[in-house]
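Quick caveat, the model's predicted, so the values are computed rather than measured. Just so you know, ligand 1 is whichever comes first in the structure, and atom 1 is the first atom listed for that ligand.
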Amino acid sequence: MLKNFIQNLPKAELHLHIEGTFEPELMFEIAKRNNIQIPFASVEEIKAAYEFDCLQDFLDIYYQGANVLIHEQDFYDLTYSYLQKCAAQNVRHTEIMFDPQTHTDRGVSFETVISGISKATKDAEKNLQVSSLLIMSYLRHLSEEEAFKTLEASLPFKHLITAVGLDSSEKGNPPSKFKNVFKASVKEGYIPLAHAGEEGNADYVWEALDILGIQRIDHGNNSLQDPKLIQEIIKRDIALTVCPLSNTALQVVDDLKNHPLKKMLDMGLKVTINSDDPAYFGGQINTNFEAITSALDLSKDMLYQLAKNSFQYSLLPSKRKEIYIKELDTYNKNN
Ligand code: HPA
Ligand code: ZN
């Protein structure tokens, strides 16, 4: 019963790395047409390699997969394929992170990346009725100077980008390392967001809030270590984009039954459900909804609240939020 409710529930996805949607089948296809060797003989072999002990373990293989993306068409196909999955799961809106440095460091131009991705989002808006906004993420294992170069490269395409994010290896790369580039990004009109408290502790979340001024927290699990921080997040009305299957895949949480999502909801934190890197972590957004619902015995009201949060805490203008929430309310009343 709730499986059907989840399937058709209108929702938004707010934490999604486009490079993390790269399914092995498409990876093989693009590698072949670009004449690039990948170190796996089959789709099964790729899937078997997806066993991770921690975030870094995953990142190593994730950057390797992205190596086959060369042409604008590759970025288009990657993005459009994800957006088709959105349409099939009644994801009405998505906020897509992309990592320019993963590509520009290999000699692929910023323009190639952004053009392929943004053309796919425009076509999906028209053909699939899924809206998208783009979040340009800085890789935190690289220097702030490198992030500044990415900011500079993005400026001719500013009209296509809504926000900046911060991702990659968290431990040892605190938000404060990117203080100046975030300040400059905000000056250019980008909304500041960041991953914080996935493997890093609550101090990193404080820094992301107070030094970077972020308006949404990606993951944020370790905020629960600090009651003062929890109160501050609630006071600022900031959402946490939680990714259940990512958390178990990267061993941030040992078992979904011990996932803090319900605790977060009970405390009054605004949380949303997301897939993070669905091709690597065992499921798309609806699989995340189903898995956490069954592990924590979530009620229909909770699912409604999670979907509502996903629109409410999106980066859309309030008029658009209202339209989506109205659609959700109608669905909730009739199901
Ligand atoms: N954390 C940090 N960096 C990432 C992630 C993540 O979950 N996914 C892709 N890049
Ligand atoms: Zn992420």
Student: Does Ile214 share a hydrophobic cluster with Val186, counting links as ILVMFWY side-chain heavy atoms below 4.5 Å and allowing steps through other members?
Tutor: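 No, it is not one cluster - the side chains of Ile214 and Val186 are not joined through contacts under 4.5 Å.
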Student: Does the N or O separation between Asp276 and ligand 1 drop below 3.5 Å for any pair?
Tutor: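 Yes.
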Student: At less than 4.0 angstrom from any non-hydrogen atom of Phe58, what atoms of ligand 1 do you find?
Tutor: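 That gives atoms 8 (N), 9 (C) of ligand 1.
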Student: Mark yes or no for whether Lys11, through its side chain, and Ile6, through its backbone, hold a donor-acceptor pair below 3.5 Å.
Tutor: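 Present.
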Student: So, are Glu232 and Lys228 salt-bridged, with charged N and O less than 4.0 Å apart?
Tutor: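 No, Glu232 and Lys228 are not salt-bridged.
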Student: So for atom NZ, which belongs to Lys177, do other residues, nucleotides or ligands contribute more than 12 heavy atoms lying within a distance under 6.0 Å?
Tutor: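 Counting neighbours around NZ of Lys177, more than 12 heavy atoms of other residues, nucleotides or ligands fall under 6.0 Å, so yes.
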Student: Are Leu69 and Tyr82 connected in the hydrophobic side-chain network, where two residues link if heavy atoms are under 4.5 Å apart?
Tutor: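 Looking at the clustering, Tyr82 is in the same group as Leu69.
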Student: For atom 3 (N) of ligand 1, find the nearest protein heavy atom and state the residue, atom name and distance (0.1 Å precision).
Tutor: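 Checking every protein heavy atom, the shortest distance to atom 3 (N) of ligand 1 gives Ser168 N, 2.8 Å.
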Student: Nearest non-hydrogen atom to atom 1 (N) of ligand 1 belongs to which of His219, Glu198, Glu19, His17?
Tutor: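 Looking at heavy atoms only, the winner is Glu198.
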Student: May I ask you to check if ligand 1 and Asp277 share an N or O to N or O distance below 3.5 Å?
Tutor: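 So ligand 1 has an N or O lying under 3.5 Å from an N or O of Asp277.
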Student: Leu133, Tyr313: one ILVMFWY side-chain cluster at the under-4.5 Å cut-off?
Tutor: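 Different clusters.
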Student: Spell out, yes or no, whether Tyr80 and Val68 are grouped together once hydrophobic residues are joined by side-chain heavy atoms under 4.5 Å, including indirect joins.
Tutor: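 Tyr80 and Val68: one cluster.
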Student: Is there a heavy atom in Asp218 that sits closer than 4.0 Å to ligand 1?
Tutor: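 Checking ligand 1 against Asp218, which is what was asked, there is no heavy-atom contact under 4.0 Å.
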Student: Does any N or O atom in His15 lie less than 3.5 angstrom from one in ligand 1, N or O only?
Tutor: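 N/O-N/O distance under 3.5 Å: no.
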Student: From His17, does some N, O or S atom reach closer than 2.8 Å to the Zn ion (ligand 2)?
Tutor: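 Short answer: yes, at least one N, O or S atom is under the cut-off.
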Student: Do any heavy atoms of Gly20 fall under 4.0 Å from ligand 1?
Tutor: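 Distance cut 4.0 Å: Gly20 fails for ligand 1.
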Student: State whether the side chain of Glu45 and the backbone N or O of Ala41 hold a donor-acceptor pair below 3.5 Å, judged by distance alone.
Tutor: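 Yes.
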Student: Does His15 bring an N, O or S atom to under 2.8 Å of the Zn ion (ligand 2)?
Tutor: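 Under 2.8 Å: His15 contacts the Zn ion (ligand 2) through an N, O or S atom.
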Student: Checking only N/O/S atoms, does Asp276 have one that is under 2.8 Å from the Zn ion (ligand 2)?
Tutor: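 Under 2.8 Å: Asp276 contacts the Zn ion (ligand 2) through an N, O or S atom.
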